[in-house]
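Below is one structure; the comments refer to it alone.
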Amino acid sequence: MSDAASEKNTVLMEKIVSLCKRRGFIFQSAEIYGGLNGCWDYGPLGAELKRNLKDYWWRKNVQEREDILGMDGSILTHQEVLKASGHVGGFSDPMCDCLLSKARLRADQIEPQDGDVYSYAGASHEESGWSVDRAYSVLVTEGQDENKARKTARLYYAQFLTDKQISPKKLELADESTEKVEGTTQFNPENGSLLTEPREFNLMFKTHMGASAEDGDESSVAYLRPETAQTIFTQFKNVAETNRVKLPFGIAQIGKSFRNEINPRNYTFRSREFEQMEIEFFCRPDEGMALTDEWLELRLKFYEEIGIPRQHLHILDVPDGERAHYSKKTYDIEYEFPFGIQELEGVAYRTDYDLSKHKECSGKPLDFFDDEAKEKLIPHVVEPSAGCDRTILALICEAFDEETVTDEKGKEEVRTVMRFSPRMAPIKVAVLPLLKNKPELVEKAREIQQILTPFMTVFYDETAAIGRRYRRQDEVGTPFCVTIDFDTLGESGEELKDTVTLRHRDSMEQERISIAELRNFLLDRIH
RNA sequence: GCGGGUAUAGCUUAAUGGUAAAGCCCUAGCCUUCCAAGCUAGUUAUGAGGGUUCGAUUCCCUCUACCCGCUCCA
């Protein structure tokens with residue numbers, strides 16, 4: 001991305017964040033206390049939007065399918081579950097920092113090196129009387145000049161100088177000593193500088209069960225789940241046995257997960273608390289690869305149906321070596337966010353890894369009798385795992401639009417429109433009496449509101465001029481506005497009696513529709 | 001976690017070591033017959049904590065959050 005494009009996208013993102021706050025889609029968590037890093041709250045409209053997304057996902061994946069069952073598992077998770085899944089111990093990265101360049105490196109990805117280690121106890125500057133006592137060393141590999149070590153060390157110690165006018169070259173190094181080493185990973189391959197000791201970053205939130213549990217009591221340890229998937233695997237046997245299922249079949253779940261991200265970023269995109277919409281689709285071993293491709297297509301269709309067009313999505317076929325070790329095939333579905341192309345959903349073929357692990361660790365039989373093969377087997381699993389909050393953010397970014405409109409006086413102005421698909425829009429219809437100081441109009445509008453509220457989210461507004469009310473609805477993405485005027489009351493004759501103005505958000509066009517038809521007209525377009 | 005930036009009303013901006021200003025928005029009233037109209041009135045702010053000072057939004061320190069770049073994202 002060029003600097004200009006990057007700048008433009010930053011401005012776009014700021015506008016989106018501002019609108020989300022101003023109109024009550026998304027607020028920073030605990031804002032009045034200064035905010036909580038990596039956590040966000042949904043306001044009234046955000047909550048409606050999210051509910052629409054979750055409801056539609058559930059409808060498509062559970063309600064309309066005979067072969068997928070729903071569940072809703074606990075967030076607090078038994079530590080043995082996460083030991084079996086590999087999250088305890090494995091769900092962390094040892095990291096170290098370069099003392100000179102401050103670069104952060106994965107400790108397990110540093111190539112072992114051989115060479116001479118030059119160590120120093122500190123440095124001083126004679127003229128100013130400045131000195132520092134701090135051990136530091138530099139690796140000089142074969143073929144490199146030993147003066148490189150001294151130069152690097154002086155640069156390191158120069159960081160502590162209070163007088164930045166002093167050149168690092170003028171520093172006197174203290175107590176140089178050398179030592180031959182082989183296969184060391186304590187030095188930055190880039191510059192030879194010493195690294196900090198590797199530190200563990202565990203990405204799970206840990207807690208203790210029981211009100212009186214002590215911090216040191218290992219048996220009371222529980223975790224907030226880092227993914228919803230594990231509750232599905234641990235309940236696989238119960239769900240299968242209570243529902244007379246046969247392969248292939250799936251278990252679906254929507255729920256919160258928690259990861260102690262090192263660096264939450266990009267608005268709600270990488271949050272520490274987030275919601276997932278996951279399906280574990282169990283199948284015979286020979287079906288896994290084909291089902292992964294089928295699920296990819298189903299999921300792309302889903303995004304199309306909620307208003308995220310195929311051309312704004314990217315499919316990443318995750319190559320060998322970059323997939324999780326248990327996965328034979330993974331597709332990442334990515335969206336073109338203003339801040340870059342980022343993952344919305346992963347469709348992963350996880351083989352029989354999870355059930356086998358839980359069978360092994362729990363000692364319980366998790367085999368499944370397959371009627372067709374007439375044998376017991378550990379089912380394989382294909383996992384379409386979607387980020388709910390990420391999809392919400394994508395819906396918001398996709399919907400946001402600013403268009404220039406010219407009014408009757410020829411004056412140009414910007415119309416901000418959230419072009420949500422009617423299916424996802426937080427408010428489906430606004431009911432507006434043309435004038436609020438005419439009781440007959442207000443009364444009629446209230447009647448229409450009552451007709452519609454059992455079926456959809458309706459917003460009633462009688463304040464301000466009608467044009468202003470239309471624009472307010474544009475800004476929150478309400479696809480339809482209904483205006484009640486004197487024709488509705490029959491003042492222009494029987495023909496227009498009990499008809500209203502129906503105004504379309506995207507085109508701003510208006511049509512006349514009878515009140516009797518209104519409900520079905522709207523339902524057809526929002527379902 | 002590192003480096004850089006930012007923090008004043010719901011939003012966009014102003015100003016000041018001594019009563020924090022405006023526009024938009026919002027609320028109420030009047031008026032208004034279909035795209036942010038007009039008039040009147042009104043609500044709302046210096047991110048948190050500490051220090052210097054008679055007095056700090058302003059100067060200094062610490063913290064927090066957000067943005068950008070690294071890093072990370074099983």
Side-chain angles (χ1 to χ4, degrees), chain A residues 3 6-7 9-11 13-15 17-19 21-24 27-40 43 82 85-93 95-106 109 196 199 201-204 226-227 259-267 269-272 322-327 332 339 342-343 346 348 387 405-409 411 413-416 432-438 441 463-475 481-489 491-492 500-505 508-510 512:
Chain A
D3 283 358
S6 167
E7 169 70 21
N9 286 324
T10 300
V11 170
M13 214 44 222
E14 279 170 4
K15 282 181 180 173
V17 171
S18 171
L19 184 140
K21 182 181 177 181
R22 181 157 37 90
R23 301 314 303 264
F27 305 122
Q28 193 178 13
S29 179
E31 193 193 69
I32 60 169
Y33 289 103
L36 184 61
N37 186 251
C39 296
W40 303 89
L82 296 163
S85 68
H87 287 91
V88 176
F91 195 42
S92 64
D93 300 314
M95 307 287 296
C96 38
D97 299 314
C98 175
L99 289 168
L100 183 61
S101 70
K102 308 298 178 196
R104 168 160 292 173
L105 304 164
R106 283 270 294 268
Q109 287 179 356
T196 58
R199 277 171 300 168
F201 289 83
N202 196 296
L203 300 182
M204 284 198 295
E227 59 178 24
R259 291 178 200 180
N260 216 341
E261 297 289 353
I262 296 168
N263 195 352
R265 267 295 166 85
N266 289 329
Y267 200 30
F269 183 82
R270 179 165 303 132
S271 300
R272 290 197 164 121
E322 287 180 30
R323 291 192 300 271
H325 61 279
Y326 47 74
S327 176
D332 285 348
F339 47 79
Q342 299 275 357
E343 183 184 345
V405 292
T406 310
D407 67 15
E408 290 162 353
K409 296 165 201 147
K411 206 180 86 190
E413 57 180 12
V414 173
R415 184 173 82 112
T416 303
L432 316 168
L434 189 58
L435 302 170
K436 79 165 164 181
N437 56 358
K438 298 286 181 282
L441 290 177
T463 65
I466 190 71
R468 178 184 293 275
R469 281 179 275 167
Y470 285 153
R471 297 301 174 82
R472 276 181 192 156
Q473 294 307 313
D474 290 342
E475 209 179 32
C481 290
V482 167
T483 302
I484 292 83
D485 61 13
F486 294 99
D487 290 348
T488 312
L489 302 177
E491 289 194 2
S492 304
V500 292
T501 302
L502 184 91
R503 184 259 191 185
H504 295 262
R505 175 195 66 198
M508 296 194 283
E509 280 169 9
Q510 304 185 355
R512 203 73 196 179

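Residue numbers begin at 1 in each chain, while the letters A, B, ... track the order of the sequences.
- In the set B/rC34, B/rC66, B/rC25, B/rC34 carries the atom at the smallest distance from any side-chain atom of A/Thr483.
- Contacts of A/Asn437 with the nucleic acid, taken as non-hydrogen atoms under 4.0 Å apart, include base atoms.
- A/Tyr326 pairs by the ring-ring contact (aromatic ring centres under 6.0 Å, His included) definition with A/Tyr353, not counting sequence neighbours.
- Nucleotides B/rU58 and B/rU6 are separated by 15 Å at their P atoms, to the nearest Å.
- With C1' as the reference atom, B/rG23 and B/rC30 are 23 Å apart, rounded to whole Å.
- Spacing of C1' atoms, B/rU27 relative to B/rC67, comes out at 33 Å, to the nearest Å.
- B/rG50 and B/rU64: their C1' atoms are spaced 14 Å apart (whole Å).
- In this structure, A/Arg415 reaches neither bases nor backbone, as no heavy-atom distance under 4.0 Å exists between it and the strands shown.
- Per the geometry, CG belonging to A/Leu432 stands 20 Å off P belonging to B/rU32, to the nearest Å.
- Contacts of A/Glu261 classified as salt bridge (charged side-chain N to carboxylate O under 4.0 Å, His left out), with partners at least two apart in sequence or in another chain: none.
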Exercise. Go through the steps for A/Thr501 and A/Arg512 under the test side-chain contact (heavy atoms from CB on, under 4.5 Å), then give the verdict.
Key: CA-CA 5 Å; A/Thr501 302; A/Arg512 203 73 196 179; 3.1 Å; yes

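- Although no hydrogens or angles enter the test, the distance criterion places a donor-acceptor pair under 3.5 Å between the side chain of A/Arg469 and the main chain of A/Ala464.
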Please enumerate all protein N or O atoms sitting under 3.5 Å from an N or O of nucleotides 60-64 of chain B, with distances to 0.1 Å.
| from | atom 1 | to | atom 2 | distance (Å) |
| --- | --- | --- | --- | --- |
| B/rU64 | O2' | A/Gly34 | O | 3.2 |

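- Under the salt bridge (charged side-chain N to carboxylate O under 4.0 Å, His left out) criterion, A/Arg468 pairs with no residue at all, not counting sequence neighbours.
- Residue A/Gln28 contributes atom CD, which lies 13 Å from atom C1' of B/rA48 at whole-angstrom precision.
- Counting atom types as modelled, A/Tyr267 pairs no side-chain N or O with a base atom of B/rC66 as donor and acceptor under 3.5 Å.
- Among the atoms of the strands shown, none is found under 4.0 Å from any heavy atom of A/Gly346.
- Residues forming a salt bridge (charged side-chain N to carboxylate O under 4.0 Å, His left out) with A/Glu491 (at least two apart in sequence, or on another chain): none.
- Distance noted for atom C1' between B/rC61 and B/rC25: 38 Å (whole Å).
- RNA chain B is contacted by both A/Arg265 and A/Tyr326; A/Arg265 maps to the nucleotide lying nearer its 5′ end (nearest heavy atom per residue).
- Looking at residues two or more places apart in sequence or on another chain, you find a salt bridge (charged side-chain N to carboxylate O under 4.0 Å, His left out) between A/Lys21 and A/Glu31.
- For the side chain to side chain contact (heavy atoms under 4.5 Å, CB included) test, residues two or more places apart in sequence or in another chain that qualify with A/Lys15 are A/Val11, A/Phe400, A/Glu402.
- Taking the P atoms as reference points, B/rC11 lies 16 Å from B/rC66, given to the whole Å.
- Each of A/Lys436 and A/Asp485 was assigned the nucleotide of RNA chain B with the nearest heavy atom; the assignment lying further toward the 5' end belongs to A/Lys436.
- In this structure, A/Asn266 places its CG atom 12 Å from P of B/rC66, rounding to the nearest Å.
- Atom P of nucleotide B/rC34 and atom CZ of A/Arg469 are separated by 12 Å, given to the nearest angstrom.
- In this structure, CE on A/Met13 lies 10.0 Å from CG on A/Asn9, to the nearest 0.5 angstrom.
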Between the protein and nucleotides 8-13 of chain B, list every N/O to N/O distance that falls short of 3.5 Å.
| from | atom 1 | to | atom 2 | distance (Å) |
| --- | --- | --- | --- | --- |
| B/rC11 | OP1 | A/Lys21 | NZ | 3.3 |

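- For the strand RNA chain B, secondary-structure stems (runs of at least three Watson-Crick or G-U pairs, all distances below 3.5 Å) span B:1-7 with B:64-70, B:10-13 with B:21-24, B:26-30 with B:38-42, B:47-51 with B:59-63.
- Counting to the nearest Å, the C1' atom of B/rA45 and the CD1 atom of A/Ile32 are 15 Å from each other.
- Going from the P atom of B/rG38 to that of B/rU33 covers 16 Å, rounded to whole Å.
- Between the C1' atoms of B/rA56 and B/rU8, the separation comes to 14 Å (whole Å).
- As rounded to whole Å, 11 Å separates atom P of B/rC30 from atom NZ of A/Lys438.
- Among residues two or more places apart in sequence or in another chain, the side chain to side chain contact (heavy atoms under 4.5 Å, CB included) test is passed with A/Asn266 by A/Phe269, A/Phe339, A/Gln342.
- With sequence neighbours left out, the ring-ring contact (aromatic ring centres under 6.0 Å, His included) criterion links A/Tyr470 to no other residue.
- Per the geometry, CZ belonging to A/Arg468 stands 18 Å off P belonging to B/rU32, to the nearest Å.
- Atom CZ in A/Arg503 sits about 10 Å away from atom C1' in B/rC34, given to the nearest Å.
- Looking only at side-chain heavy atoms (C-beta outward), A/Leu432 and A/Arg503 stay at 4.5 Å or farther from each other.
- In terms of the side chain to side chain contact (heavy atoms under 4.5 Å, CB included) criterion, residue partners of A/Asn37 (sequence neighbours excluded) are, by chain and number, A/Pro264, A/Arg272.
- Set against B/rC35, B/rU33, B/rU71, the side chain of A/Leu435 has B/rU33 as its closest nucleotide.
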